[in-house]
Amino acid sequence: MRINDPITLPVSGVTIKNRLCKSAMTECLADEYGRANIKHERLYTEWAKGGCGLLITGNVQIDRRYLERPGNVCIDGPQDEQQMEGLRKFAKAASVNGTV
């Protein structure tokens, strides 16, 4: 077993292209309303292009009353189209280059 070997997760059957993983870290990049934005898109694109097999997002809160720190993405309550678009771009960026 080598770090560049793919691994298939037993329950989901998802195959990760290698054994490199970026775990959750606080990015502090959300705007003043807790929305994902172009900064997330750029950062996760770079990590994915760098070769990670798996990217785990930083702190994404579901209740803005309990932020770990300012700048966390927060998705509590109904999301408008602008918020959803930011989240879609964030997720797409994290899957560039075959990254899961």
Side-chain angles (χ1 to χ4, degrees):
M1 176 180 340
R2 297 180 325 226
I3 199 161
N4 283 334
D5 290 342
I7 184 170
T8 300
L9 303 177
V11 175
S12 67
V14 170
T15 298
I16 300 172
K17 68 181 182 177
N18 59 43
R19 292 156 193 262
L20 294 172
C21 172
K22 191 283 296 175
S23 66
M25 299 186 300
T26 296
E27 290 104 19
C28 301
L29 297 174
D31 68 14
E32 64 272 19
Y33 303 107
R35 295 180 298 207
N37 57 59
I38 189 70
K39 294 175 186 175
H40 291 95
E41 191 176 348
R42 288 179 185 148
L43 180 60
Y44 278 79
T45 296
E46 288 304 311
W47 276 331
K49 286 167 51 177
C52 276
L54 175 66
L55 294 176
I56 300 172
T57 64
N59 293 319
V60 176
Q61 309 301 314
I62 58 168
D63 188 329
R64 69 184 64 255
R65 295 176 299 171
Y66 304 104
L67 295 179
E68 178 264 338
R69 66 177 301 139
N72 289 154
V73 172
C74 188
I75 55 171
D76 64 338
Q79 303 296 292
D80 64 26
E81 186 53 37
Q82 181 181 8
Q83 291 165 313
M84 290 302 298
E85 186 61 21
L87 292 168
R88 281 191 285 271
K89 288 178 177 180
F90 184 7
K92 185 176 179 180
S95 62
V96 168
N97 196 26
T99 300
V100 176

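In this text, all values refer to a predicted model and were calculated from it rather than measured experimentally.
Atom CD of residue Glu41 and atom CG of residue Leu29 lie 12.5 Å apart, to the nearest 0.5 angstrom. Distance CG/Leu55 to OG1/Thr99: 5.0 Å, rounded to 0.5 Å. One distance of note links SG of Cys52 with CD1 of Ile56; it measures 10.0 Å at 0.5 Å rounding. Put simply, CZ on Arg42 and CG on Asn37 are 9.0 Å apart, with the number rounded to the nearest 0.5 Å. Distance check, rounded to the nearest 0.5 Å: NZ of Lys89 to NE2 of His40 gives 14.0 Å. Distance check, rounded to the nearest 0.5 Å: CZ of Arg35 to CD1 of Ile75 gives 14.5 Å.
Looking at Glu46, its side chain never comes within 3.5 Å of a backbone N or O of Leu43 through a donor-acceptor pair. No donor-acceptor pair closer than 3.5 Å links the side chain of Asn18 to the backbone N or O of Asp5.
In terms of heavy atoms, Asn59 sits closest to Glu68 at ND2-OE1, 3.0 Å. When all heavy atoms of Ala36 and Gly86 are compared, the pair lying nearest together is CB-O, 3.8 Å. In this structure, Ala48 and Ala94 approach most closely via the heavy-atom pair CB-O, 4.3 Å. When all heavy atoms of Thr26 and Asn72 are compared, the pair lying nearest together is CG2-ND2, 3.8 Å.
A chain of hydrophobic side-chain contacts below 4.5 Å, direct or via other Ile, Leu, Val, Met, Phe, Trp or Tyr residues, connects Ile62 to Val60. Hydrophobic clustering, with ILVMFWY side chains joined whenever heavy atoms are under 4.5 angstrom apart, keeps Val100 apart from Met25.
Taking the side chain as every heavy atom from C-beta outward, Leu54 and Leu20 never approach each other to under 4.5 Å. No side-chain heavy atom of Arg19 sits less than 4.5 Å from a side-chain heavy atom of Arg2.
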(request) Apply side-chain contact (heavy atoms from CB on, under 4.5 Å) to Val96 and Trp47, showing your working. (result) CA-CA 9 Å; Val96 168; Trp47 276 331; over 6 Å; no

(message) The test is salt bridge (Lys or Arg N to Asp or Glu O under 4.0 Å); show your working for Glu81 and Arg88 and say whether it passes.
(response) CA-CA 10 Å; Glu81 186 53 37; Arg88 281 191 285 271; 2.3 Å; yes

(request) Given side-chain contact (heavy atoms from CB on, under 4.5 Å), test Thr8 with Val14 step by step and report yes or no. (result) CA-CA 6 Å; Thr8 300; Val14 170; over 6 Å; no

(request) Apply side-chain contact (heavy atoms from CB on, under 4.5 Å) to the pair Leu87 and Val73, showing each step before the final yes or no. (result) CA-CA 9 Å; Leu87 292 168; Val73 172; 4.2 Å; yes

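Checking Lys22 against Tyr44 by side-chain atom types alone, a donor-acceptor pair falls below 3.5 Å. When only modelled atom types and interatomic distance are considered, Gln82 and Tyr33 share no side-chain donor-acceptor pair under 3.5 Å.
For Cys74, the side chain to side chain contact (heavy atoms under 4.5 Å, CB included) criterion is met by Gln61, Arg64, Leu67, Asp76, not counting sequence neighbours.
Lys39 NZ: 12 or fewer foreign heavy atoms inside a 6.0 Å radius.
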